[in-house]
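Computed from heavy atoms alone, side chains included, the values below leave out hydrogens, waters and symmetry copies.
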Amino acid sequence: MKQVTFIGLGAMGAPMAENIIKAGFRLKVYDLSKERCENLISHGGMPADDLRDAGSGADIVFTMLPATQEVNSVLEGKDGILHHMTAGGIVVDMSTVSPSGTDSIAEACKKYGVRFMDAPVGRQVVHAIKGECLFMVGCDDEPMFLDVKPYLDAMGTTIVRCGGTGMGTRMKVVNNMQILTIAEVTAEAILLSEKLGLKLDLVKQVNADTTATNGQMQFTFPTKVFSGDTAPGFTIELAHKDMALAMEAANELKLQLPSCESAEGVYRRVKKSPLGKKDFSALLEYWCELNKIETPRIN
Ligand code: NAD
């Protein structure tokens with residue numbers, strides 16, 4: 001059996017790792033948080049004492065970390081896993097990082113003779129728990145893809161092959177830019193509808209039956225902020241990180257993306273408020289508080 005390690009046991013990583021274990025694979029787990037490691041060990045994971053232990057002898061290492069900086073540090077930092085993996089091993093980074101970040105991570109792996117695949121994750125924590133993730137895969141090395149696929153299948157239902165190395169990350173940045181910009185537009189639409197005296201359930205119904213429809217109004221907001229639940233989920237902080245990734249890419253390409261730029265400014269502002277660590281659907285609460293209206297709910 002292959003030796004496989006999973007690093008980053010947060011809101012998404014913990015249920016994803018658990019689903020690999022549930023599928024019958026042996027899995028070493030590692031996180032900076034001892035409590036998060038212990039939780040996975042209680043579900044059948046094997047402890048990695050440190051990054052040296054996480055990387056030594058591993059055939060495949062999955063990373064599900066906050067951002068580019070953490071992935072770089074886990075891979076190439078002091079005692080990072082690349083110093084301990086054997087040539088031919090595979091790193092699969094599932095974190096959402098910048099396109100240029102993923103390119104430099106791929107280069108770092110190459111330097112150590114380690115193969116690299118980017119496979120960032122679409123969908124949300126509820127899907128990760130049910131083993132229904134979507135993966136955007138950047139990989140044109142077929143044998144490597146086949147080695148990794150059984151683990152992706154254990155965590156998800158949908159794999160989209162986006163092209164060669166780095167293309168999964170590029171797809172993820174484009175997709176999250178849409179999700180997060182639409183979430184802000186959704187919050188603004190609800191704010192306006194409240195001031196106009198419209199009922200939230202009817203606003204949602206009309207949205208569903210017209211081309212205005214979108215996943216934030218129909219899925220994210222109803223399962224989170226509409227029911228009064230703004231525990232993350234996907235935090236405003238991470239949402240801002242992703243909007244900043246889209247703007248970073250746009251700036252590098254000298255592209256003007258005015259709606260994206262404006263939404264990035266909103267997330268930057270909300271990140272500094274007490275709602276920064278809440279679910280991104282709490283955008284609605286932010287605007288309601290600012291405009292002194294009660295946040296509407298659907299029971
Ligand atoms: P999270 O903040 O809940 O978890 C990150 C985990 O990484 C934490 O447990 C943290 O302790 C650990 N960590 C940080 N630095 C580390 C290090 N140096 N070594 C070991 N562990 C370290 O984040 P999340 O919500 O699970 O998201 C992970 C990634 O997936 C992010 O890039 C995010 O943008 C992306 N993503 C999140 C969602 C979501 O809905 N939450 C959905 C899709 C993709």
Problem - Results of ring pair (Phe, Tyr, Trp, His ring centres under 6.0 Å) for Phe234 - residues two or more places apart only - result: Phe280
Handout entry: salt bridge (Lys or Arg N to Asp or Glu O under 4.0 Å) involving Arg36 - partner list, sequence neighbours excluded
Key = none
Completion exercise
Students should find that the hydrophobic cluster of Val71, defined by side-chain heavy atoms under 4.5 Å apart, otherwise consists of Ile7, Tyr30, Leu32, Leu51, Val61, Leu65, Val74, Leu75, Ile81, Leu82, Met85, Val91, Val97, Ile105, Tyr112, Val114, Phe116
Handout entry: Other cluster members, Phe219 - Ile/Leu/Val/Met/Phe/Trp/Tyr, side-chain contacts below 4.5 Å
Key = Val126
Problem - Residues forming a ring pair (Phe, Tyr, Trp, His ring centres under 6.0 Å) with Phe226, sequence neighbours excluded - result: Phe221
Handout entry: salt bridge (Lys or Arg N to Asp or Glu O under 4.0 Å) partners of Glu76, counting only residues at least two apart
Key = Lys111
Practice task
Under the salt bridge (Lys or Arg N to Asp or Glu O under 4.0 Å) rule, collect the residues that match up with Lys199, sequence neighbours excluded.
Solution key: none
Handout entry: Partner residues of Asp53 under the side chain to side chain contact (heavy atoms under 4.5 Å, CB included) criterion, sequence neighbours left out
Key = Lys28, Ala48, Asp49, Asp50
Exercise for the section: Kindly state each residue pair satisfying salt bridge (Lys or Arg N to Asp or Glu O under 4.0 Å) with at least one member in residues 277-287, sequence neighbours excluded. Expected result: Glu237-Lys277, Glu285-Arg297
Completion exercise
Taken in chain and number order and not counting sequence neighbours, the residues that satisfy salt bridge (Lys or Arg N to Asp or Glu O under 4.0 Å) with Arg52 are Asp79
Exercise for the section: Each residue besides Leu245 in its hydrophobic cluster should be listed here, by chain and number; the cluster joins Ile, Leu, Val, Met, Phe, Trp and Tyr at side-chain heavy-atom distances under 4.5 Å. Expected result: Val173
Compile the donor-acceptor pairs under 3.5 Å between side chains in residues 150-157 and protein atoms, sequence neighbours left out, one pair per line.
{"unit_1": "Asp153", "atom_1": "OD2", "unit_2": "Lys149", "atom_2": "NZ", "d": "2.9"}
{"unit_1": "Thr157", "atom_1": "OG1", "unit_2": "Arg123", "atom_2": "NH1", "d": "3.0"}

